[in-house]
A.B. asks: 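One structure follows; several queries about it will come next.
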Amino acid sequence: MKKAYYTLNDYFKETCQTKVVKLSLDGGFTCPNRDGSLDTRGCLFCSELGSGEFTGDTVSTFIRTDSDIKSQISAQKERLKSKWENPKYMSYFQNYSNTYKSIDALRSLYEEATQDESILGLAVATRPDCISDEVIDLFATYSEKGFFWVELGLQTMHEETAERIRRHYSLTHFEAIYRKLMKQHINIVLHVIFGLPGENRAQMLDTVAYVSSLKPFGVKFHMLNVLKGSDLESYYYETEFQLLTQEAYIQLVCDALERLDSKIVVHRVTGDGPKALLIAPNWIKHKRAVLNGIDKELKRRGTYQGIYSHA
Ligand code: SF4
């Protein structure tokens, strides 16, 4: 049944009439927020595998590997072949900051990741402060060739929260890079995390309205997860910090969808966090229940994506 919001599946059905599956690739990246350039601790919620695995949305779990990209693609396709009949794929560099290498190294990795004829395009997750003009030009070549998007972990529009979670880039910096990417017609997907420490519901919805006003290609909504090995783990045990309940999260996502421009592709409304690393909230393990809860609540309200957006 069609959802009351514009999903990535809808987008691919409209544009290429086929099932598209993302392949999570390890390009051997790190992040300036981890290698000491900006910080060594990473964002508050980020575990050792980079990016907070709860933001993951591939069918395979990310693993660090020494295998080359071609071998990673073959291995993942082999593992997935019984799930779908002749799907197409997107190569996806998700964990860590996937533009944090020399331009030549990036060119070679991205090229390798898009050689296979079953691969429709490329998605690259990174930070705005790791996007140079050269990188934007490189992105533009992929945008011209096929499907391409860059994912930016904005998480919040509020500077005090950004400081609390040690994001280490300002909204002004984000906006400058955002404008440059838009100017080159590069698809952008913005990540937003609900339930960050110190944020109330109104602040979270401010971020949604802000994101909607930017009109990115896509958005991913996430519930904050407390993962083993992240600094959030000790913060969670040492403070009075309260995580959102499942019901509060469902209400919030519905409020967010109602305020989100109807043309923005909703890539994700809940995550597939690694169960072995998850400390809390426990309800996030039941992804189907969360998805059904969102569908049911929108139906009960008689609303849909964009009904209250100020486009
Ligand atoms: S920017 Fe991403 S990879 Fe780097 S520390 Fe933050 S969440 Fe982790």
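Being a predicted model, the structure only gives us computed values, none of them experimental. Atoms within each ligand, like the ligands themselves, are counted from 1 in listed order. Because only heavy atoms are used, hydrogens play no part in the values below, and waters and symmetry mates are left out as well, while side chains stay in.
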A.B. asks: Taking ring pair (Phe, Tyr, Trp, His ring centres under 6.0 Å) as the test, write out the residues that go with F221, two or more places apart.
C.D. replies: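 F221: ring pair (Phe, Tyr, Trp, His ring centres under 6.0 Å) contacts with F194.
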
A.B. asks: Enumerate the atoms of ligand 1 whose separation from the nearest heavy atom of Y96 is less than 4.0 angstrom.
C.D. replies: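 Ligand 1 atoms under the 4.0 Å threshold to Y96: 3 (S).
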
A.B. asks: Using a strict 4.0 Å cut-off to heavy atoms of C46, name the atoms of ligand 1 that fall inside it.
C.D. replies: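 In order of numbering, the contacting atoms are 5 (S), 7 (S), 8 (Fe).
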
A.B. asks: Any atoms of ligand 1 less than 4.0 Å from a non-hydrogen atom of G42? List them with their elements.
C.D. replies: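 Counting from 1, the qualifying ligand atoms are 5 (S).
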
A.B. asks: Can you tell me if NZ on K145 sees more than 12 non-hydrogen neighbours from other groups inside 6.0 Å?
C.D. replies: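 Yes - once you tally the heavy atoms of other residues, nucleotides and ligands closer than 6.0 Å, there are more than 12.
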
A.B. asks: Could you check whether T156 and E199, counting side-chain N and O atoms only, form a donor-acceptor pair closer than 3.5 Å?
C.D. replies: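 Distance-only check passes for E199 and T156.
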
A.B. asks: Would C31 count as a contact for atom 4 (Fe) of ligand 1, in the sense that one of its N, O or S atoms lies under 2.8 Å from it?
C.D. replies: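 Given the 2.8 Å cut-off, C31 counts as a ligand of atom 4 (Fe) of ligand 1.
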
A.B. asks: Report yes or no: is the cationic atom of K263 (NZ for Lys, CZ for Arg) under 6.0 Å from the centre of the six-membered ring of Y6, at an angle within 45° of the ring normal?
C.D. replies: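 No, a cation-pi geometry is absent between K263 and Y6.
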
A.B. asks: Please list, in number order, the atoms of ligand 1 under 4.0 Å from a heavy atom of R127.
C.D. replies: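 Numbered from 1, ligand 1 contributes 1 (S).
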
A.B. asks: Can you pull out every salt bridge (charged side-chain N to carboxylate O under 4.0 Å, His left out) where at least one residue sits in residues 301-310? Sequence neighbours excluded, please.
C.D. replies: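 Listed by first then second residue: D255-R301, E258-R301, E297-R301.
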
